[in-house]
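In what follows, a structure is listed as structure tokens, so that the remarks can point back to it.
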2 protein chains.
Amino acid sequence: MARAATTLDPFNAVAEPKRRQVLEALAEREMPVNDLVGRLGWPQPMVSKHLGVLKEVGLVNVRRDGRQRLYQVNGEKLKTIHDWAKMFERFWAHQLLRIKEQAERKHKERTN
Amino acid sequence: MARAATTLDPFNAVAEPKRRQVLEALAEREMPVNDLVGRLGWPQPMVSKHLGVLKEVGLVNVRRDGRQRLYQVNGEKLKTIHDWAKMFERFWAHQLLRIKEQAERKHKERTN
DNA sequence: TTGACATATTCCTGTATGGGGATATAAATT
DNA sequence: AATTTATATCCCCATACAGGAATATGTCAA
């Protein structure tokens, strides 16, 4: 019952719009927390918390550098989402194919 | 506060694993509710509720056929997710490029 | 050691769930 | 009209947040 944990998988983690923003910022370059705070304009604890979730599901990696923590995107996990969505590629890609399929379905209905 | 509505956008709707399963089943072919019930083995109200969310965010379309309701995948909305994830393509695609970028970053650090 | 800087963690609360069960709505059939 | 078939809706409850505020932890510098 209740919604699944945000840390269950990349899909849940990425459902939160703010976490997508964080990833979009990190897409530009590896970045310490404070850079994200400045760029996003959110309270620092908020940024850290979102980063925590992204980290836990593996969407980002961290490395320490002095007192800073540099976060970077982990492509592998994002590929998971990309690959899943790609499963539906034929539903947006080949418009002609879709029309053809629809026609075939209708023909099948008629011949049932 | 609290998590965003599941009907806020495709990302939230797709966060729920069961809803992804529904979409995967519909990827095979347009289908009435009862076929999904049989295939997924869930209570019918559960299937209808998940379909309701998917419908509200536009991930599926419905058309009536007698007393049945035929659900089908709406590719456009799934493309949204695919396109977003694609933004991070370079983080998994060109391994060599990533190594090169990392090297450049390190060089920059040394020269700072 | 004492600060200053960078980041993480804890506590609190309103809220939107997802599942279960019962029921309502709608359409075809007899 | 009464029944059956197909699907949607309603009610209830435990739960996992997300945001805000305060605070803790960790690290470098003087």
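A note on names: the letters A, B, ... follow the listed sequences, proteins ahead of strands, and every chain is numbered from 1.
Here C:dT15 presents its P atom at 17 Å from CD of A:Glu16, a figure rounded to the nearest Å. Going from atom CG of B:Asp35 over to atom C1' of D:dA6 covers 11 Å, rounded to whole Å. Here the C1' atom of nucleotide D:dT4 and the CD atom of B:Gln68 are 14 Å apart, to the nearest Å. If you take CG of B:Leu51 and C1' of D:dT9, they are 14 Å apart, rounded to a whole angstrom. Note: CE (A:Met31) to P (C:dT7) measures 12 Å, nearest angstrom. If you measure from atom CD of A:Glu56 to atom C1' of C:dA8, you get 14 Å, rounded to the nearest angstrom. Residue A:Lys55 contributes atom NZ, which lies 9 Å from atom P of C:dA8 at whole-angstrom precision. Look at CG on B:Leu54: it is 12 Å from P on D:dA8, rounded to the nearest Å.
By the 30° and 60° cut-offs, the orientation of the rings of A:His82 relative to B:Trp92 is tilted.
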**OP:** Evaluate the criterion side-chain contact (heavy atoms from CB on, under 4.5 Å) for residue pair A:Val47 and A:Val33; output intermediate values, then yes/no.
**Re:** CA-CA 7 Å; A:Val47 173; A:Val33 180; 4.0 Å; yes

Original post:
Would B:Leu40 and B:Gln21 count as a side-chain contact (heavy atoms from CB on, under 4.5 Å) if you check the C-alpha gap in whole Å, the side-chain angles of each, and the deciding distance to 0.1 Å?
Top reply: CA-CA 8 Å; B:Leu40 298 169; B:Gln21 282 187 255; 4.1 Å; yes

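Using a cutoff of 4.0 Å between basic side-chain nitrogens and carboxylate oxygens, A:Lys77 and A:Asp9 are not scored as salt-bridged. Under 4.0 Å is where a charged nitrogen must lie from a carboxylate oxygen, and between B:Arg39 and B:Glu28 at least one such pair does. A salt bridge is absent between A:Lys79 and A:Glu76: the closest approach of a Lys/Arg side-chain nitrogen to an acidic carboxylate oxygen does not fall below 4.0 angstrom.
The side chain of A:Tyr71 contributes an N or O atom lying less than 4.0 Å from OP1 or OP2 of C:dA8. OP1 and OP2 of C:dC5 both lie 4.0 Å or more from every side-chain N or O belonging to A:Asn34. Dashed line: the shortest gap from a side-chain N or O of A:Lys18 to OP1 or OP2 of D:dG19 is under 4.0 Å. Phosphate contact (OP1/OP2 of C:dG18, side-chain N/O of B:Arg19, threshold under 4.0 Å): present.
With contacts defined as side-chain heavy-atom distances shorter than 4.5 Å, the pair A:Val73/A:Glu30 does not qualify.
Each of A:Val47 and A:Ala2 was assigned the nucleotide of DNA chain C with the nearest heavy atom; the assignment lying further toward the 5' end belongs to A:Val47.
Heavy atoms of A:Ser48 sit under 4.0 angstrom from at least one base atom.
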Subject >> Under 4.0 Å protein heavy-atom contact, by nucleotide of nucleotides 20-30 of chain C - B base, S sugar-phosphate only >> reply: B-B---SBSS-

